[in-house]
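Here's the structure, in structure tokens; my notes come after.
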Amino acid sequence: MAKTRKFAELLQNQIRHEFTAAQQYTALAVWFDARDLPRLAKRFYRQSIEERNHALAMVRYLLDRNEPVSIPGTGEVRNDFSSVHEAIELALAQERAVTADIEAMAKAARLEEDYLGEQFVHWFLKEQVEEVSRMSTLLTVVERAGGNLFEVENHLFREQGTETEDAPDMPPVAGGKL
């Protein structure tokens, strides 16, 4: 009987988590859009595409390693929030959970002496530091705005010029990046 590799199993599970995150971020974007918060909406529409690209980078890696790939359904997605603060808190919690998942994948790759897998996960570890930091900052901005959502929108408008669109070192994406 073939030994199942924990790293490949965790990576396959992470594909589901990334697609679920993409759907959750779309739901957040729509929630913001419905409340006439275009900068918050844009931020989360873009974040949704980024999560989709992460999932498909994982698919591409498994394909390149001749591992089986299954495209899963997504998990539950929340669509309603009592406040912007609550919505951003959910996004931050989601990023922290993804960080823990990626760390578990890195550990599994190292324990299995899968050096290619460990190298692949390295980019995602670096990405998660950035993602948690960005979401933490956004939550702080929301808190400091004290309910004045125009200040949050203004912050995002000012920050848009400092965001990097594409990470040049991102692993290849199955079907290409959107």
Side-chain angles (χ1 to χ4, degrees), residues 2-30 40-78 88 90-139 156 159-178:
K3 179 184 166 193
T4 56
R5 294 186 32 237
K6 185 72 173 170
F7 173 72
E9 179 185 319
L10 290 172
L11 188 55
Q12 182 66 53
N13 290 338
Q14 191 60 33
I15 292 168
R16 181 177 194 267
H17 296 312
E18 297 291 336
F19 280 130
T20 299
Q23 291 296 92
Q24 183 61 68
Y25 284 143
T26 299
L28 284 165
V30 168
L40 280 162
K42 182 178 180 180
R43 171 80 169 267
F44 284 92
Y45 284 127
R46 185 174 32 242
Q47 190 70 36
S48 174
I49 292 168
E50 188 174 304
E51 301 304 329
R52 173 253 185 217
N53 285 340
H54 292 170
L56 291 177
M58 293 172 185
V59 167
R60 176 84 269 149
Y61 175 82
L62 288 171
L63 291 170
D64 289 348
R65 295 291 308 271
N66 202 29
E67 293 280 349
V69 179
S70 297
I71 300 302
T74 65
E76 290 295 314
V77 172
R78 187 168 166 197
I88 304 300
L90 175 87
L92 177 57
Q94 181 171 284
E95 289 300 339
R96 287 181 173 150
V98 168
T99 299
D101 294 339
I102 301 292
E103 288 172 337
M105 287 189 329
K107 182 178 181 179
R110 181 166 288 178
L111 288 173
E112 293 173 358
E113 297 181 354
D114 181 350
Y115 304 112
L116 296 174
E118 187 174 348
Q119 184 275 333
F120 173 74
V121 165
H122 185 261
W123 183 88
F124 290 95
L125 288 168
K126 181 182 70 132
E127 176 73 3
Q128 282 312 117
V129 170
E130 294 170 13
E131 295 293 340
V132 170
S133 175
R134 287 177 64 216
M135 214 54 75
S136 293
T137 298
L138 184 56
L139 185 60
L156 291 172
E159 292 297 309
Q160 75 183 356
T162 64
E163 291 181 6
T164 55
E165 285 298 316
D166 283 330
D169 58 340
M170 182 179 174
V173 173
K177 282 194 255 184
L178 291 182

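Below, each value reflects all heavy atoms present in this structure, side chains not excepted, and no hydrogens, waters or symmetry copies.
Taking CG from L56 and CG from L63, the interatomic distance works out to 9.5 Å, rounded to the nearest 0.5 Å. Rounding to the nearest 0.5 Å places CD1 of I15 at 9.0 Å from CD of E18. Between the CG atom in L138 and the CD1 atom in I88 there is a gap of 4.0 Å [rounded to 0.5 Å]. For the atom pair CG (N53) and CE (M58), the distance works out to 11.5 Å, reported to the nearest 0.5 Å.
Between Q94 and A21, the closest heavy-atom pair is NE2-CB, 3.3 Å. In plain terms, the two heavy atoms of A57 and P171 that are nearest each other are CB-O, 4.0 Å. Counting all heavy atoms, side chain and backbone alike, L116 lies closest to Y61 at C-OH, 3.5 Å.
E131 meets the side-chain hydrogen bond (donor to acceptor under 3.5 Å, both in side chains) test with Q47; sequence neighbours excluded. By the side-chain hydrogen bond (donor to acceptor under 3.5 Å, both in side chains) test, Q12 is found to be paired with no residue, residues two or more places apart in sequence or in another chain being considered. F124 is linked by a ring pair (Phe, Tyr, Trp, His ring centres under 6.0 Å) to H54, F120, counting only residues two or more places apart in sequence or in another chain. Considering only residues two or more places apart in sequence or on other chains, T26 meets the side-chain hydrogen bond (donor to acceptor under 3.5 Å, both in side chains) condition with S48. In this structure, K42 has no salt bridge (charged side-chain N to carboxylate O under 4.0 Å, His left out) partners at least two apart in sequence or on a different chain. Remark: R16 engages no residue in a salt bridge (charged side-chain N to carboxylate O under 4.0 Å, His left out) (not counting sequence neighbours). With sequence neighbours excluded, the residues forming a side chain to side chain contact (heavy atoms under 4.5 Å, CB included) with A91 are Y25, L28, F44, M135, listed by chain and number.
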Contacts under 3.5 angstrom, residues 96-107 side chains, donor-acceptor by atom type, not counting sequence neighbours:
| unit_1 | atom_1 | unit_2 | atom_2 | d |
| --- | --- | --- | --- | --- |
| T99 | OG1 | E95 | O | 2.9 |
| T99 | OG1 | Q128 | NE2 | 3.1 |

Atom pairs and distances, side-chain donor-acceptor, residues 68-78, under 3.5 Å, sequence neighbours left out:
| unit_1 | atom_1 | unit_2 | atom_2 | d |
| --- | --- | --- | --- | --- |
| R78 | NE | D80 | O | 3.0 |
| R78 | NH2 | D80 | O | 3.4 |
| R78 | NH2 | E86 | OE1 | 3.1 |
| R78 | NH2 | E86 | OE2 | 3.1 |

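Within the structure, every pair that satisfies the salt bridge (charged side-chain N to carboxylate O under 4.0 Å, His left out) test and touches residues 61-71, not counting sequence neighbours, is listed here: R5-E67, R60-D64, R65-D114.
Using a 4.5 Å heavy-atom cutoff, the side chains of F7 and L111 are not in contact.
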Item to check | Full working for side chain to side chain contact (heavy atoms under 4.5 Å, CB included) between K126 and E130 | outcome: CA-CA 7 Å; K126 181 182 70 132; E130 294 170 13; 4.2 Å; yes
